[in-house]
Amino acid sequence: MKTGLIAGCVVLIILLALAFYQYGKFIPTFAATHTPLSTEEIQQLKQNKPVTSIEVFKSQRILQLKHQQEVIRSYPMRLGFNPIGHKQFEGDGKTPEGTYSIDWRNPQSAYYKSLHISYPNKTDTTYAQQHNRSAGGDVMIHGTVPTRATSFAASARYMPRKDWTLGCIAVTNSDIDEIWQLVADHTPIIIHP
């Protein structure tokens with residue numbers, strides 16, 4: 001009886017360790033977050049200090065909205081599951097580096113809302129073709145909770161502890177709501193290592 005109980009506990013611990021290893025990156029971070037902007041504050045920013053560029057600092061996991069050189073808003077973010085280096089091929093888990101633009105948006109995105117980054121450019125495509133590979137595409141700035149799960153109260157502020165996307169930039173759902181309203185199509189996005 002005692003041996004069976006011990007064996008059962010060992011198996012349970014192993015299963016929990018495997019689950020944590022596989023899904024631990026999705027455990028939420030408990031870092032303090034900023035206060036969301038009100039509708040009035042968003043309108044004032046759009047009128048007085050419209051966003052002229054987005055800057056992403058991959059190593060710091062920060063996305064900034066800028067008016068000229070002034071930082072208007074700064075957001076924590078997560079990247080592709082293999083974040084170091086420039087995206088070269090479809091499925092490599094990397095987030096691109098360089099200068100692109102926001103070229104379209106999807107209000108019915110699988111991850112709440114999304115803004116498409118104009119990756120791949122001609123250089124990216126040529127490089128991938130030289131290696132007989134696809135450069136990939138559909139690199140977005142999007143929320144962290146699937147659209148189908150947004151009815152949960154905590155979903156708007158959820159941020160996983162670790163990088164997890166296929167190459168996209170993920171921010172909280174409440175942050176993508178702000179970014180969606182503040183960033184116009186064709187806004188340049190500079191993604192730093």
Side-chain angles (χ1 to χ4, degrees), residues 22-23 25-26 29 50-66 71-150 155-156 158-193:
Q22 181 67 28
Y23 300 107
K25 63 186 168 193
F26 295 111
T29 181
V51 173
T52 55
S53 67
I54 302 168
E55 282 201 64
V56 172
F57 298 90
K58 289 172 58 175
S59 63
Q60 298 171 354
R61 303 303 187 273
I62 295 293
L63 180 149
Q64 294 179 339
L65 302 184
K66 295 179 99 175
V71 175
I72 303 301
R73 292 293 276 174
S74 188
Y75 305 96
M77 60 164 196
R78 297 297 177 260
L79 302 167
F81 62 85
N82 186 20
I84 298 173
H86 174 61
K87 182 169 193 62
Q88 296 175 320
F89 308 116
E90 183 174 11
D92 64 9
K94 295 184 183 300
T95 301
E97 295 172 358
T99 301
Y100 298 92
S101 67
I102 301 301
D103 56 359
W104 54 272
R105 56 188 64 220
N106 182 0
Q108 267 89 41
S109 174
Y111 282 92
Y112 189 50
K113 294 177 180 172
S114 60
L115 302 174
H116 186 262
I117 298 169
S118 63
Y119 174 89
N121 61 27
K122 188 175 181 179
T123 304
D124 299 322
T125 302
T126 301
Y127 181 85
Q129 287 173 343
Q130 290 170 345
H131 292 83
N132 296 317
R133 306 269 307 268
S134 167
D138 287 339
V139 176
M140 310 280 205
I141 302 170
H142 61 64
T144 54
V145 176
T147 301
R148 66 184 180 279
T150 56
S155 69
Y158 171 71
M159 175 63 78
R161 272 190 323 142
K162 297 185 179 181
D163 297 318
W164 59 275
T165 75
L166 298 178
C168 295
I169 297 167
V171 296
T172 67
N173 284 11
S174 61
D175 289 346
I176 195 65
D177 276 334
E178 283 186 14
I179 295 166
W180 181 274
Q181 294 177 72
L182 291 169
V183 172
D185 287 349
H186 312 295
T187 299
I189 178 168
I190 302 100
I191 305 171
H192 303 279

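All figures in this text were calculated on a predicted structure; none of them were measured in a lab. Hydrogens, waters and symmetry mates are skipped; everything else that's a heavy atom, side chains included, is used.
- Using modelled atom types, one side-chain atom of Asn82 and one backbone atom of Asp92 make a donor-acceptor pair closer than 3.5 Å.
- Looking at Thr95, its side chain does come within 3.5 Å of a backbone N or O of Gly80 through a donor-acceptor pair.
- Under the 3.5 Å distance criterion, the side-chain polar atoms of Thr187 are matched with a main-chain donor or acceptor of Ala184.
- Using a 4.5 Å heavy-atom cutoff, the side chains of Lys58 and Pro193 are not in contact.
- Without hydrogens or angle criteria, Ser118 side chain to Asp103 main chain gives no donor-acceptor distance under 3.5 Å.
- Arg105 has its side chain within reach of Asp185: a pair of non-hydrogen atoms, C-beta onward, lies under 4.5 Å apart.
- Here Leu182 contributes atom CG and Asp177 contributes atom CG; the two are 10.5 Å apart, rounded to the nearest 0.5 Å.
- In this structure, the ring of Trp164 has its center less than 6.0 angstrom from the ring center of Tyr111.
- Within the 4.5 Å cutoff, no side-chain heavy atoms of Pro120 are placed close to those of Tyr127.
- In this structure, OG on Ser74 lies 4.5 Å from CD1 on Ile62, to the nearest 0.5 angstrom.
- Remark: the backbone N or O of Pro188 is not paired with any side-chain donor or acceptor of Ser101 at under 3.5 angstrom.
- Within the 3.5 Å criterion, the main-chain N or O of Gln108 finds no donor-acceptor partner in the side chain of Lys113.
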(request) Determine, stepwise, if the pair Asp163 / Arg61 fulfils side chain to side chain contact (heavy atoms under 4.5 Å, CB included). (result) CA-CA 9 Å; Asp163 297 318; Arg61 303 303 187 273; 2.6 Å; yes
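- With values rounded to the nearest 0.5 angstrom, Met140 atom CE is found 3.5 Å from Trp104 atom CH2.
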(request) Could you give me the CA-CA distance, side-chain angles and deciding distance for Leu166 and Phe81, then say whether side chain to side chain contact (heavy atoms under 4.5 Å, CB included) is met? (result) CA-CA 6 Å; Leu166 298 178; Phe81 62 85; 3.9 Å; yes
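- Taking the side chain as every heavy atom from C-beta outward, Leu63 and Ile179 approach each other to under 4.5 Å.
- At least one side-chain heavy atom of Ile54 sits less than 4.5 Å from a side-chain heavy atom of Ile141.
- Between Leu65 and Glu178, the closest side-chain pair of non-hydrogen atoms is not below 4.5 Å.
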(request) Apply side chain to side chain contact (heavy atoms under 4.5 Å, CB included) to Ile169 and Leu79, showing your working. (result) CA-CA 5 Å; Ile169 297 167; Leu79 302 167; 4.2 Å; yes
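- The structure places CH2 of Trp180 at 6.5 Å from CG of Asn106, a figure rounded to the nearest 0.5 Å.
- The nearest pair of heavy atoms linking Arg78 to Arg161 is NE-O, 3.4 Å.
- Shown here for Val139 and Gly167, the closest heavy-atom pair between the two residues is CG1-O, 3.6 Å.
- Distance alone, capped at 3.5 Å, is enough to place a donor-acceptor pair between the Ser134 side chain and the Gly136 backbone.
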(request) Verify side chain to side chain contact (heavy atoms under 4.5 Å, CB included) between Ile102 and Ile117, making sure each step is shown before the conclusion. (result) CA-CA 5 Å; Ile102 301 301; Ile117 298 169; 4.2 Å; yes
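- Ring geometry for His86 versus Tyr100: interplanar angle under 30°, hence parallel rather than tilted (30 to 60°).
- Going from atom OG of Ser114 over to atom CD1 of Ile176 covers 7.5 Å, rounded to the nearest 0.5 Å.
- Classified by interplanar angle (parallel below 30°, tilted 30° to 60°, perpendicular above 60°), the ring pair His131/Phe89 is perpendicular.
- Checked by atom type and distance alone, the side chain of Tyr119 pairs as donor or acceptor with a backbone atom of Ala135 at under 3.5 Å.
- Val56 has its side chain within reach of Met77: a pair of non-hydrogen atoms, C-beta onward, lies under 4.5 Å apart.
- Electrostatic pairing of Asp175 and Arg73 does not count as a salt bridge here, judged by no charged N lying under 4.0 Å from a carboxylate O.
- Taking CD of Gln88 as the reference point, atom CD of Glu97 lies at 9.5 Å (rounded to 0.5 Å).
- In this structure the side chain of Glu90 never reaches within 4.5 angstrom of the side chain of Arg133, judged on heavy atoms.
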